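Keep in mind it's a predicted model, so treat the numbers as computed, not measured. Within every chain, numbering begins at 1; the chains are lettered A, B, ... in the order of the sequence lines, protein sequences first and strands thereafter.
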Amino acid sequence: MLELNYLREKRDEAVERLKRRVNDTYEALVDEVLAVDVKKRKIQHEVEGLLAEMNAHSKEIGALMKKGMKDAAEEAKAKVAEIKSRSQELKQDLAKAEEELKQLLYQIPNAPNLDVKEGKSETDNEEVERSGEIPQLHDGAQPHWDLAAKYNLIDFELGVKITGAGFPLYLGKGAQLQRALINFFLDEAIAAGYAEVIPPLVVNEASGYGTGQLPDKEGQMYHITEDDLYLIPTAEVPITNMFRDVILSQDQLPVKVTGFTPCFRREAGSYGKDVRGLNRLHQFDKVEIVQIVHPNESYTRLGDMVNHVKGILEKLELPYRILRLCGGDLGFAAAITYDFEVYSAAQNKWLEVSSVSNFETYQSTRLMCRYRGDDKKTHLAHTLNGSALALPRIVAALLENHQEPEGIRIPKALQRFTGFEMIN
RNA sequence: GGAGAGGUGGCAGAGUGGUCGAAUGCACCGGUCUUGAAAACCGGCGUACCGAGAGGUACCGGGGGUUCGAAUCCCUCCCUCUCCGCCA
């Protein structure tokens with residue numbers, strides 16, 4: 001949610017920023033919010049005046065009763081009864097206005113950072129950086145799904161038998177490669193100052209709301225209806241919810257947490273596009289990095305996170321590019337997002353492997369994640385997160401880009417984690 | 001799955017209809033003392049919203065009810081803990 005105060009104080013700036021998303025309903029929504037807010041405050045003022053009156057009378061009644069002044073007490077009671085019926089009506093109006101306000105705020109996405117380009121879809125994303133050589137593959141080079149079969153690394157059909165499509169089974173060196181990547185990514189994160197956690201893979205409804213998967217993206221999560229719990233679509237959910245309803249002290253910031261978890265996504269409605277091999281799965285492994293930071297430094301920290309991901313991709317010797325998403329392609333909760341894509345040499349396309357975002361206060365308003373500033377007051381913290389990294393497409397790119405006629409070469413940095421230098 | 005206990009401020013823990021936004025202790029912040037620290041003593045110390053301010057309102061797990069008045073009584077839902085059973 002956007003902060004109401006921000007809209008009140010900087011309405012024009014908010015509208016200007018929202019324009020990046022190329023959707024003209026937002027300006028009207030902002031103004032509607034402001035109008036309802038005025039109405040709400042007016043009602044609130046009135047209600048609280050009446051309640052104050054009632055409270056005063058009630059106290060008076062207590063005193064009168066004690067003194068035995070029954071008649072005077074009865075008189076006061078009658079007065080209260082009258083005020084009460086009026087206040088109850090107003091209370092309902094107030095509740096209605098509050099609900100209306102909330103519903104309106106839920107419909108407004110985060111206001112993009114002004115660096116974000118106006119644009120409708122992914123074709124408007126800006127490439128801000130590109131690094132690494134796109135390898136020239138030998139004749140007979142294959143896409144990863146063929147390589148996975150050739151070297152017996154992944155069995156997609158067996159996964160179908162056990163569970164269903166999108167739940168691959170990793171075998172032998174394929175499984176070891178997964179384990180190696182997870183450890184490599186975690187060690188990199190720890191070296192960068194992140195504290196490792198192993199969170200639950202199943203979360204309750206409140207956590208789903210906290211990070212914004214609920215109520216909108218309900219269909220993307222697996223729902224255990226019997227216990228009303230959800231399988232996590234990303235470690236962002238349990239990790240960020242560690243800080244739900246928490247007031248941190250300023251010197252605890254920045255909080256940096258990393259965690260490895262499997263991720264479960266129903267991928268409802270996304271059939272037919274890029275579904276071959278490892279490109280899109282219902283279950284996949286990912287190491288996530290999360291930061292809770294002081295608002296003044298969230299963009300510096302975002303830069304650190306981008307550099308962190310770059311470092312990993314370079315160590316894996318994969319060619320990558322960084323895209324700054326345009327307004328229209330930006331997620332609902334993000335103020336800015338950098339997508340990392342690695343080049344998949346045999347499929348001849350870029351595959352998204354990481355997404356690093358600053359949510360500013362959009363998540364923390366819902367989470368109520370705050371810190372106590374120098375002024376002793378509470379302020380909303382900024383939250384950021386990024387994948388560092390998601391495994392399947394990295395594996396796809398590693399297999400494809402590092403394939404040689406005699407086998408698949410493991411990048412040097414990864415060898416101490418795999419324990420082998422070649423898959424052959 | 002069965003039985004029981006309980007949810008109060010950062011934590012612990014009182015409070016069973018008005019004097020309770022809530023005792024007390026710990027923690028924390030400021031001060032006195034001290035070369036410095038500790039101890040001791042004094043003072044402060046929940047969150048949110050409304051208001052220029054004075055101040056007001058709400059919140060004792062959530063929701064509803066009784067009452068002039070509810071942390072306290074009633075209903076309902078949720079959660080946690082303990083014991084037994086089962087299991088890694």
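- Between B:C49, B:G56, B:A48, one nucleotide has an atom nearer to the side chain of A:Ala52 than all others, and that is B:G56.
- Across all strands shown, B:G25 pairs with B:C11; the Watson-Crick or G-U wobble distances both stay below 3.5 Å.
- Within the 4.0 angstrom heavy-atom criterion, base atoms lie near A:Ile61.
- Taking the nucleotide of RNA chain B with the nearest heavy atom to each of A:Ala81 and A:Gly62, the more 5' of the two is matched to A:Gly62.
- Listed pair A:Thr378 / B:U47 fails the phosphate criterion, with no side-chain N or O lying under 4.0 Å from OP1 or OP2.
- The shortest distance between the side-chain N/O atoms of A:Arg372 and the OP1/OP2 oxygens of B:U47 is below 4.0 Å.
- If you check every strand for non-hydrogen atoms under 4.0 Å, A:His45 touches sugar and phosphate atoms only.
- A sub-4.0 Å separation between OP1 or OP2 of B:C50 and a side-chain N or O of A:Arg8 is present.
- The side chain of A:Arg41 places no N or O atom within less than 4.0 Å of a non-bridging phosphate oxygen (OP1 or OP2) of B:C49.
- Dashed line: the shortest gap from a side-chain N or O of A:Arg370 to OP1 or OP2 of B:U47 is not under 4.0 Å.
- Listed candidates were B:G69, B:C68, B:U47. Nearest to the side chain of A:Lys84 is B:G69.
- Protein atom CG of A:Leu51 is 13 Å distant from nucleotide atom C1' of B:G69, rounded to whole Å.
- Ionic pairing of A:Glu75 and A:Lys79 is not present here: no N-O contact between side-chain nitrogen and carboxylate oxygen is shorter than 4.0 angstrom.
- There is a side-chain donor-acceptor pair under 3.5 Å between A:Asp285 and A:Gln178.
- At B:G56, none of the side-chain N or O atoms of A:Asn55 fall inside 4.0 Å of OP1 or OP2 (strictly under the cut-off).
- With A:Tyr299 as the fixed residue, the side-chain hydrogen bond (donor to acceptor under 3.5 Å, both in side chains) test singles out one of A:Asp304, A:Asp115, A:Asn113: A:Asn113.
- Under the 6.0 Å distance and 45° angle rule, A:Lys173 counts as a cation-pi partner of A:Phe420.
- Remark: B:U66 base-pairs with no nucleotide in the shown strands. Criterion, Watson-Crick or G-U wobble with two distances under 3.5 Å.
- Checking B:C49, B:A58, B:C68 against the side-chain heavy atoms of A:Glu48 singles out B:C49 as nearest.
- Nucleotide B:G55 is matched to B:C50 when pairs are restricted to Watson-Crick or G-U wobble geometry with both distances under 3.5 angstrom.
- The structure places CZ of A:Arg8 at 4.0 Å from CG of A:Asp37, a figure rounded to the nearest 0.5 Å.
- An OP1 or OP2 oxygen of B:C68 is reached within less than 4.0 angstrom by no side-chain nitrogen or oxygen of A:Lys59.
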